[in-house]
Amino acid sequence: MSVNYSQIDGVGIIIIDSPPVNAVGYTVRQGLLECLNLGLSDVHAHALMIACAGNTFCAGSDINEFGKQRKPPNLRDVINDIENSSKPIVVVIQGTAFGGGFELSLGCHYRIATTDAKVGLPEVKLGLLPGAGGTQRLPHLTGARKALEMITTGNSISAKDALEFGIIDELCEPGGEYQAGLDYAKQLIENKTLPSKRVSKIKLDSKGDDLPDIFNNFRKKIKASTPHLFSPFKCVDAIEAAYKVPFVEGLEYERNLFNECLESTQSKGLIHAFFSERKASKLLSQAQISTRPQVKAVGVIGAGTMGTGIVMTFANAGIPVVLKETTSEALDRGMDTIQHTYERSVQKGRLTKRQMDDLMASVVPTLSYHDLGQLDLIIEAAYEDMDIKKTIFSELDSICKPGTILASNTSTLSVDAIASVTNRPSDVIGLHFFSPAHIMKLLEVVTGTETSPDVIRTAMELGKRIKKVPVSVGNCYGFVGNRMLHRRNAEAITLVSEGALPQQVDRVLTEFGFPMGPFAMSDLAGLDVGYRIRQGRRKNGEDIPLTWLDKVVELGRHGQKNGAGVYHYKDRTRTPHFDPIVDELISQYRAESEIQPRSISDKEIIERCLYIMINEGARILEEKIANRPSDIDVIWIYGYGFPRHLGGPMFWADQIGLNTICDRLESFQRTDGGVQYNCSPLLRALANESRCFNDLPDMIGC
Ligand code: NAD
């Protein structure tokens, strides 16, 4: 049974016991109704208590019911019955009360929570809104502002804050919640308290805010921060309704808005992103693969942009790090960067001085390889140069204890070629962090031909431990993310050669929902980085034509770092400004290349930049470099800011229709003749069969 009823000392006790997280699925809803009726008809029970077995209160909806018709009773009706109970009901919260779980607690008359508990309504993160009365009841306790903050951001709050905002009636120590609930209920019986504290009956209070201004101000705020999203606005509408119409009508209005959100493509995209992330960290035969002993100490080679970010990632996760450089100047510079970053966190109140000192003490700088010999994992983040990486890895091979995992943070180079200089290629792996490494969530775990399964699994689990989103990928130039990015960026450069302006391309892609356009992003990363990679490939005989962007770099414009790149940055700020010098250079380039510029529509920019990327994604699947289309979506959402509400490039492609994408690519090929528009056989085959990427079986490549 998911819900059980018993009676002690006059208190009817309803225990939800539905592991692992007591989600409010069908059996819990049904069980709650049955036990409520038992409690109401139990002549010996004068008050009721609802509690959960295990480590947490109801942590949300049952995700197995997502996208399916839910069996009655619906949660809204169950909560209404609880609120209307003729006997007072106390609820005790431990762990987390999220979504439907928190709404359930709002239907109860008194809430007790452990001091370490958290409550929240995260539905907006899935493009939804709380649909079981949360938008209507919460303002009765907190006033409009707090309810708006919690519901439109979906962020949870601590039980201590919840007490301050009037959501929780009493706190108790963790582990003592059952007894605290029982005592509270007995007190109610002793005082002959009736269930007078029905949340929906508490007088709505503006708590000092002007109504209706507060709602319009929130709408403005949302428009400025997440203009593409639909459900935060619906959340505001629902909360406003609580102030405008009777409670029962408000519930109906909330339900209609919930259904509107549920049917939106945005919510489908966000739900896809949520499930894709969970899936990405799972390996095909995880159960059969062992792990290496837990990684307890890590070495990082190179104290540059990436090395310092990687060091902070591990230090923040409580894993001590040895940082190795070649010169004391470079080492000092790296340690200074780390110190400054932590100092800024102290200034912003995110860290205490003591915590900063502890973090700094967990990082040991060194110039000697010998200090790396006994560590469990080494991550190399030196220059992107194969010869340098090979020298480092053969040194590591000779110095590190057996079983140490040797990883490279290379963004494009072959993990197999790096591993080939060691006598332990099965211990070598790619761990591709993204910049800034202590902030960006994505971690591409790059498997070489000889990487052993236990090393892959250990790396994936470590990725989660350091709070990243790890995705297992195969070894090829640029792996998954950068390989697709290079395609998109090359197309953006071609579009400008043909007649578009860099600022037009950037505008179109930011309007699509990317945080930055390709040229602003290249300026941020440093134009010289890409230039050096292209020059290297040209030197190796690859046919990569010199573009107008190469000419920008040859003028000494390296991007934000020296105040000028594709754009101009006044006074070293980060705001890009159009620069007539670059405009002139582009015109000159077109004239020299005998290109007659034409006007290019925004639609063509989207289609060419994104369809070409999707085509590359299909090739990546064919080559088994990615395990699933949804892994590519996760990589693009977490590594490159692909708009989450569109679900990632492969999910978005499915919504457009693969036939449309193939036809467009082929039409570009006819007008331009470029091989880059050749449809990948997988994309073509799916399109011919009117199928989607999403129809492919999981683990297509494994
Ligand atoms: P960087 O130039 O900022 O730093 C490289 C550091 O490595 C320098 O401090 C240098 O002194 C040090 N170094 C060079 N050889 C060394 C050696 N033999 N031993 C110890 N230290 C040595 O470079 P970065 O941007 O941090 O990139 C490092 C690696 O990370 C590259 O492989 C790069 O492709 C990859 N990467 C970079 C980014 C990015 O956005 N910058 C993103 C992902 C991956």
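Scope of the values below: all heavy atoms of this structure, side chains included, with no hydrogens, waters or symmetry mates. In listed order, ligands and their atoms are each counted from 1.
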For the [atom1] atom of [X] and the [atom2] atom of [Y], what is their distance to the nearest 0.5 Å?
| X | Y | atom1 | atom2 | answer |
| --- | --- | --- | --- | --- |
| Arg292 | Asp454 | CZ | CG | 4.5 Å |
| Glu607 | Ile605 | CD | CD1 | 11.0 Å |
| Thr404 | Leu372 | OG1 | CG | 9.5 Å |

key: Aromatic ring pairing Trp652/Phe512, orientation class (parallel under 30°, perpendicular over 60°, tilted between)   = perpendicular
Looking at ligand 1, does any of its N/O atoms fall within less than 3.5 Å of an N/O of [X]?
| X | result |
| --- | --- |
| Tyr369 | no |
| Ile392 | no |
| Thr410 | no |
| His432 | no |
| Lys389 | yes |

ask   = Below 4.0 Å from any atom of ligand 1, is there a heavy atom belonging to Ala381?
value = yes
Sub-4.0 Å heavy-atom contact, Phe434 with ligand 1 =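 No; Phe434 lies far enough from ligand 1 that no heavy-atom distance drops under 4.0 Å.
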Among all protein non-hydrogen atoms, which one is nearest to [atom], and what is the separation to 0.1 Å?
| atom | answer |
| --- | --- |
| atom 2 (O) of ligand 1 | Tyr383 CE2, 3.3 Å |
| atom 39 (C) of ligand 1 | Met306 SD, 3.7 Å |
| atom 12 (C) of ligand 1 | Glu325 OE2, 3.1 Å |
| atom 35 (C) of ligand 1 | Asn409 O, 3.3 Å |
| atom 19 (N) of ligand 1 | Thr326 CG2, 3.4 Å |
| atom 4 (O) of ligand 1 | Gly304 CA, 3.2 Å |
| atom 15 (N) of ligand 1 | Ala382 CB, 3.7 Å |
| atom 43 (C) of ligand 1 | Phe433 O, 3.1 Å |

ask   = Has Arg350 got more than 12 heavy atoms of other residues, nucleotides or ligands less than 6.0 Å from its CZ?
value = no
key: More than 12 heavy atoms from other groups under 6.0 Å of NZ on Lys353   =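 No - once you tally the heavy atoms of other residues, nucleotides and ligands closer than 6.0 Å, there are 12 at most.
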request  = For atom 23 (O) of ligand 1, state whether the nearest protein heavy atom is under 4.0 Å away.
outcome  = no
ask   = Does NZ or CZ of Arg532 come closer than 6.0 Å to the centre of the six-membered ring of Tyr383, within 45° of the ring's axis?
value =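 Arg532 over Tyr383 ring: no.
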message = Pair Tyr640, Asn482 - check side chain to side chain donor-acceptor pair (under 3.5 Å), show working.
response = CA-CA 9 Å; Tyr640 304 87; Asn482 280 346; 2.8 Å; yes
task = Please identify which atoms of ligand 1 are closer than 4.0 Å to at least one heavy atom of Ser411.
result = 33 (C), 34 (O), 35 (C), 36 (N), 44 (C)
inquiry  = If the cut-off is 4.0 Å to any non-hydrogen atom of Ile301, which atoms of ligand 1 fall inside it?
reply    = 19 (N), 20 (C)
Under 3.5 Å donor-acceptor, [X] side chain and [Y] backbone:
| X | Y | result |
| --- | --- | --- |
| Asp654 | Phe693 | yes |
| Trp548 | Ile493 | yes |
| Asp550 | Thr547 | yes |

